[in-house]
Structure formats: structure tokens, C-alpha cells
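Structure first, commentary second.
By convention in this document, chain letters (A, B, ...) are assigned in the order of the sequence lines, proteins followed by strands, and residues within each chain are numbered from 1.
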Amino acid sequence: MAEYIDDDVLVCRCEEITAGEIREAIRMGATDVTGVKRRTRAGMGLCQGRTCEALVQQILRQELKGEATPESIGFSTPRTPQRPVTFGTLGGDDL
Amino acid sequence: MSAYDVIVIGGGVIGTSCAYHLVKKGYKVALIEKGDIASGTSSHCDAAAMITDKMPGADAALGYASIQKFIRLSKELDYDFNFDQSGSLYVCETDQEVEVATGYVNALRAEGYRVKMVDPYEMSQIEPLLAKDLKGGFWSDECAGLNPFKLCYAFVEQVKGKGLDVFLHTKVTGVRLNEKHQVEGVDTDKGSFTTGRVINCGGVYAPEIGRLNGLNIPILPRKGVILLSEATGPVCHQKVQEFGYMVTKFANVECDRDPELLKYNVAFTLEPTEGDNVMLGSSRNFVGYNLNTEIEVINAIAKRGMRFFPILKNMSCVRAYAGVRPFVEDHLPIMSEVEEMPGYYICAGHEGDGISMSPVSGQLMTQLIAGEETELDMEPFRFSRIENRFLD
Ligand SMILES: Cc1cc2nc3c(=O)[nH]c(=O)nc-3n(C[C@H](O)[C@H](O)[C@H](O)COP(=O)(O)OP(=O)(O)OC[C@H]3O[C@@H](n4cnc5c(N)ncnc54)[C@H](O)[C@@H]3O)c2cc1C
């Protein structure tokens with residue numbers, strides 16, 4: 001069992017979201033990575049969850065205990081672009 | 001089997017608003033949502049609450065009434081949904097657009113709304129980073145922005161456990177009627193409920209839910225793609241969009257458009273978020289329910305964005321996403337009881353305006369259910385206006 005992450009630990013560094021805020025989102029009804037993201041912004045920053053997703057999954061697993069499976073906790077929906085890219089490149093003809 | 005006064009199907013912005021307003025009126029309500037709160041269109045969208053993207057008449061009246069309610073709700077609801085009455089600016093690329101826009105603005109003004117034409121100089125004062133070669137535009141200080149999924153949470157959190165029970169990850173599989181065709185209950189994949197009244201707030205899925213009872217609810221998914229920027233600091237201060245947006249939305253607004261834009265029905269919109277990102281949109285297509293973000297559409301939206309805000313060129317896009325608007329042919333939502341099935345209500349089909357119209361929609365449905373006089377005339381929103389409303 002992974003160790004307990006204290007409430008004041010910053011989980012999402014881009015958006016500065018703590019483990020406590022993530023637990024609050026779970027109390028509000030979040031049962032998956034996307035639900036946590038919408039309620040807290042965790043994973044909405046520049047890195048789009050590439051850094052914090054595993055920690056969010058871990059907290060979900062711990063808080064939801066038997067009710068959660070890796071499938072139900074899920075991933076953040078993979079989106080285009082794979083990494084940040086300028087609008088100039090996206091709108092250019094050199095795609 | 002639990003019993004409720006009203007069961008609301010669908011936890012998007014429309015269902016959560018209905019649930020909130022019903023509980024405020026004293027009803028015992030269950031909200032049943034097949035996924036999470038705001039997992040449908042209400043989290044795959046922009047979130048401007050505007051008058052200046054509505055048609056004069058019933059459409060604009062809904063938009064205006066909702067903004068007044070948002071002002072109140074932003075104080076009344078404990079959960080902050082980032083309401084900001086920052087105004088909105090439309091910009092015109094051609095003289096023809098300025099001419100058509102002037103007619104539109106005059107029609108709104110005749111109905112008493114605060115909106116005015118602005119010249120290129122005033123535009124550059126309002127939004128300094130805007131391209132300099134535009135012909136004119138119009139501005140309204142009544143329009144506002146907010147966070148759409150936080151609004152859903154705000155409606156739910158305020159009344160949850162105080163008259164509202166929420167059932168997430170629970171899919172409605174049937175609405176039970178008695179021999180007189182009156183609603184008597186709701187079946188789900190997790191069990192049954194007893195109720196005399198149900199509201200179908202399924203958005204683009206309202207037709208699927210309606211089919212369970214032989215209803216033909218003519219709502220089509222009209223897709224739109226949005227590009228989200230990195231957190232950048234201010235690019236624009238309010239919702240900014242091109243007048244061509246009105247052409248893409250309404251079949252009766254006519255201006256010449258670049259054929260390249262018509263291909264994906266792309267029109268420029270830009271919206272600041274509370275996270276200091278901007279959301280760049282968008283497109284309008286009937287391509288079913290898939291939420292793929294096609295590279296050609298992304299390409300067209302990015303290009304169009306740089307046309308109006310050249311500064312975007314060197315800014316980064318961190319994600320692209322798509323949503324489907326619940327479209328009704330006459331551009332008015334269906335907010336009505338199904339006369340032939342007492343107790344079966346529909347509140348769906350708000351197309352590109354569901355966030356904006358949510359407060360007043362919830363209020364109107366509550367007044368309908370309570371048998372009170374409604375704040376607006378409900379005639380334009382009746383289900384019976386639909387010709388083939390029953391499946392054979
Ligand atoms: C790109 C884009 C931009 C937009 N911009 C704006 C804007 O600036 N301003 C504005 O006002 N509007 C805007 N909109 C429109 C707005 O997002 C929609 O009108 C609104 O979200 C519709 O809300 P809804 O509650 O009707 O539908 P949804 O949010 O889709 O809610 C319906 C819910 O019903 C649930 N459901 C379906 N079937 C069942 C079932 N059998 N059992 C239980 N639950 C079920 C679904 O899971 C879903 O959560 C935009 C839309 C898009 C796509």
C-alpha cells in the first residue's frame with residue numbers, strides 16, 4: 001500500500017492543488033481523474049497532468065477503497081496536442 | 001423503492017439548475033446522472049452568458065432574464081462559479097458585416113437591451129491586442145462569463161442533502177407510465193424510483209431518453225471544437241467574437257463568408273478563463289456524437305484566431321477538445337410538459353446557449369410544475385410545436 005499523502009502536500013504543481021483539495025473533491029462526488037480535475041483544476045495546467053496524474057489516481061484509490069478499480073479511476077482524456085504547441089504552428093500550412 | 005416529488009434526469013447545467021430551483025420551492029428531488037455531474041456538454045463548451053448572441057424576441061428575453069438571475073446567484077450560491085460581468089465585444093471584418101450588424105443591434109436596442117455600435121478606435125480601446133484592420137463592431141456591458149462546470153457543482157452543492165438526493169453513475173433505463181399515461185416512476189440500472197413527475201434534461205441524449213416512451217424529440221448534436229491556451233496573462237478582457245459567428249449559428253443571418261471557413265463552419269470566438277488561459281473557438285457541424293478534434297478543424301480555428309488576435313501566433317495551445325450542442329431547428333429549447341403524458345416534462349435543446357439560459361430554464365420549469373404563472377410566455381417553447389413528436 002502506498003503511503004498516505006498529507007493534506008497540505010502540493011500534488012499538482014502547475015495549478016498548486018493540494019492533496020486536501022483533492023480529498024474534498026472526492027467528498028463532493030468525484031470518482032475519477034476527470035471528476036477531480038474539473039472540481040480542483042488538478043491536471044489542467046501547462047503539463048496537463050503528466051506529472052500529477054499518478055498521485056491523483058493513488059489518492060482516489062485510497063479514499064474510495066473497495067469501490068474503485070483502475071478502470072473506474074481512469075486517466076485524464078488524452079488530447080491533441082501531445083505537448084504544448086504554438087497557435088502559429090497549428091494554424092500554419094506546414095502541418 | 002424511494003419516492004420523490006420530481007426526478008430530474010441529467011446532471012448537466014440544465015438538470016442541475018432545475019434540481020436547485022425545485023428544491024428551493026420545497027420539492028423533494030432526485031437528480032439521476034449516468035456519469036458524473038457536468039460530464040456531458042456542460043463541461044465541453046465555452047461559458048458566456050450573453051444577450052448579443054441571441055435573436056431578438058423570446059431568445060433574447062431568455063438570455064437577459066438569465067443574466068439577471070446570475071447576478072443574484074453569484075451571491076446566493078456558496079460555491080464560487082467565477083461569474084464575471086465583463087461585457088462582450090463583436091467585431092466586423094467587412095462593411096457588409098457592419099451593415100447587417102447595425103440592423104441586428106438596432107433590433108436589440110428596440111427591445112431595451114444595452115448594446116451599442118463601436119468604431120475601430122473604440123474597439124482598440126476596449127481590446128488593445130485586437131487586429132487593427134477591422135471595420136467596426138458592437139459592445140454590450142450586460143454580457144458575462146463564468147465557469148460552466150463549477151456552476152453545475154454550485155447548483156448541486158447548495159441543496160444536496162437538503163431536499164436533493166444525487167445518484168451519479170446511474171443510468172435511466174425507463175420512465176414508467178400508468179394506464180392513463182401518467183408518470184408513476186423511473187427505472188435505472190441501479191434500481192427503481194417512485195415519482196409523479198420527471199424532467200428529461202438529457203441535452204443531446206434527450207431524444208434517446210424520449211424514445212423509451214415513444215417520443216420523437218428532434219434534438220441533433222452540433223459539434224464545436226475549442227483550443228485552450230497555456231496560462232498567459234491577459235490577452236482579452238471579455239468574450240470577443242467575430243460577427244460571422246452569428247452567420248454560423250443562425251440560418252437567417254446572411255453575410256458573405258470565405259468558402260474556406262464554410263467548410264467547417266468556423267467562426268472566431270475568444271474567451272478568458274479564471275485560470276488566465278484563453279479559449280479559442282469554434283466550429284459548428286452536424287457530424288454525430290463523436291468528440292474527435294480533427295486536425296483540419298484545429299488548423300482552421302487557429303488560423304482564424306490569429307486573424308483577429310495576431311498575438312496568439314507565439315502562444316502555446318495546451319489542449320483541443322470538442323463538445324456537442326443540443327440543437328433544435330427553430331433555435332428555441334423545448335421546455336414543456338408532454339400534454340399526452342401528464343407528469344413527463346422536457347427541458348432540453350438549448351444549443352449554444354444552455355449555460356447562459358440555465359438559471360431561467362430551471363426557474364421556468366419549477367413554475368410550470370408548481371402550476372404558477374410563468375415569468376416568460378412558454379408558448380414558443382412548447383413540445384407540441386413539434387410536428388412529428390411521436391414515433392410510429
Ligand atoms: C463548443 C461549445 C461552446 C459553447 N459555448 C457556450 C457559451 O458560450 N454559452 C452558453 O450558454 N452555452 C454554450 N454552449 C452550449 C452549452 O454547453 C449547452 O447548451 C449546455 O451545456 C447543455 O446542457 P444540458 O444540461 O442540456 O446538457 P448536458 O450537459 O449534456 O447534460 C445532459 C446530461 O444527461 C446525462 N444523461 C444522458 N442520458 C442519461 C440517462 N439515460 N440517464 C441519466 N443521465 C443521462 C448525460 O450524461 C449528461 O450529463 C456551448 C457548447 C459547445 C459544444
Residue part contacting chain A, namely of [X], when any heavy atom lies under 4.5 Å:
X	answer
A231(B)	neither
N277(B)	side chain
L280(B)	side chain
L312(B)	both
E33(B)	neither
Y321(B)	both

Is the count of non-hydrogen atoms from other residues, nucleotides or ligands lying under 6.0 Å from [X] atom [atom1] greater than 12?
X	atom1	value
Y4(A)	OH	yes
R50(A)	CZ	yes
K263(B)	NZ	no
E16(A)	CD	no
K132(B)	NZ	yes

Under 4.5 Å between any side-chain heavy atoms of [X] and [Y], yes or no?
X	Y	value
C317(B)	P84(A)	no
L46(A)	V318(B)	yes
T86(A)	M315(B)	no
T34(A)	D36(B)	no
S43(B)	R38(A)	yes

Closest heavy-atom pair, L227(B) versus L90(A), reported as atoms and distance to 0.1 Å, is CD1-CD1, 4.4 Å

Closest approach of K160(B) and M28(A), non-hydrogen atoms and distance? NZ-O, 3.2 Å

Given that the side chain runs from C-beta out, which part of R41(A) has a heavy atom under 4.5 Å from chain B: side chain, backbone, both or neither? side chain

First locate atom [atom1] of [X], then atom [atom2] of [Y], and finally report the distance between them rounded to the nearest 0.5 Å.
X	Y	atom1	atom2	value
T31(A)	H169(B)	OG1	NE2	3.0 Å
Y79(B)	R39(A)	OH	CZ	7.5 Å
E230(B)	C47(A)	CD	SG	13.5 Å
S316(B)	F87(A)	OG	CZ	8.0 Å

Measure from the side-chain N and O atoms of N299(B) to the backbone N and O of G92(A), and report whether any donor-acceptor pair falls under 3.5 Å.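 Checked: pair present.
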
Determine yes or no for a side-chain-to-main-chain donor-acceptor pair under 3.5 angstrom, with K313(B) supplying the side chain and G91(A) the backbone.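 Checked: no pair found.
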
